Amino acid sequence: EVQLFESGGGSVQAGGSLTLSCTASEVITGTGCMAWFRQVPGKDREGVAAIARGSNVSFYVDSVKGRFTISQDIAVNTVNLQMNSLKPEDTGTYFCAWDRCPIEWRDVLPTWNGYNYWGQGTQVTISS
């Protein structure tokens with residue numbers, strides 16, 4: 001079974017940057033979708049960025065557009081999330097997820113949460 005491993009979380013001050021990485025334990029299809037979700041206590045997990053791997057098309061929630069960049073390195077089964085100009089409201093546990101893309105992927109990413117494969121999460125804390 002595919003396992004996903006996140007890394008790169010940490011604590012930085014507002015305005016700083018972090019890069020999160022998600023690596024799959026085995027070769028996964030190049031046509032699936034990978035995404036990053038964020039969760040804070042008491043709230044639902046929120047999709048913040050996603051990439052359709054086969055077409056290399058990316059999607060972002062409005063709150064991170066222009067600040068976050070999702071990218072993939074198919075050769076090493078890794079998807080990265082470059083986070084710049086971080087704000088305290090970006091604080092949370094970040095999870096990566098992977099699965100085959102839904103048929104309507106252009107309409108539902110990055111908020112679609114029907115993924116079957118999830119990482120364990122990595123904490124990001126932004127101080128003001």
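Atoms considered below: every heavy atom in the structure, side chains included; atoms not considered: hydrogens, waters and symmetry mates. Keep in mind it's a predicted model, so treat the numbers as computed, not measured. This chain uses plain numbering: 1 for the first residue, then up along the sequence.
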Mind checking what makes side-chain hydrogen bond (donor to acceptor under 3.5 Å, both in side chains) contact with [X], not counting sequence neighbours?
| X | answer |
| --- | --- |
| Ser58 | none |
| Asp44 | none |
| Ser127 | none |
| Thr23 | Thr78 |

What pairs of donor and acceptor atoms, side-chain ones from residues 7-20 against any protein atom, are under 3.5 angstrom apart with sequence neighbours left out?
| from | atom 1 | to | atom 2 | distance (Å) |
| --- | --- | --- | --- | --- |
| Ser17 | OG | Asn84 | OD1 | 2.9 |
| Thr19 | OG1 | Gln82 | OE1 | 2.4 |

Problem - salt bridge (Lys or Arg N to Asp or Glu O under 4.0 Å) contacts touching residues 101-113 (sequence neighbours left out) - result: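 For residues 101-113: none.
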Practice task
Using the salt bridge (Lys or Arg N to Asp or Glu O under 4.0 Å) rule, collect all pairs that involve residues 55-71, keeping only residues at least two apart or in two chains.
Solution key: Asp62-Lys65, Arg67-Asp90
Exercise for the section: Return the set of residues passing salt bridge (charged side-chain N to carboxylate O under 4.0 Å, His left out) with Glu6 (not counting sequence neighbours), or none when no residue passes. Expected result: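 So Glu6 forms no salt bridge (charged side-chain N to carboxylate O under 4.0 Å, His left out) with any residue.
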Problem - Pairs involving residues 99-128, ordered by first then second residue, that meet disulfide (SG to SG under 2.5 Å) (sequence neighbours left out) - result: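 Qualifying pairs, neighbours excluded: Cys33-Cys101.
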Exercise for the section: Scan residues 31-74 for pairs that pass ring pair (Phe, Tyr, Trp, His ring centres under 6.0 Å), counting only residues two or more places apart or in two chains. Expected result: Phe37-Tyr115, Phe37-Trp118, Phe59-Trp105
Practice task
Please confirm whether Arg45 makes a cation-pi placement over Phe95, using NZ or CZ under 6.0 Å from the six-membered ring centre and within 45° of the ring normal.
Solution key: yes
Practice task
Please identify each residue that fulfils ring-ring contact (aromatic ring centres under 6.0 Å, His included) with Tyr117, with sequence neighbours left out.
Solution key: Trp98
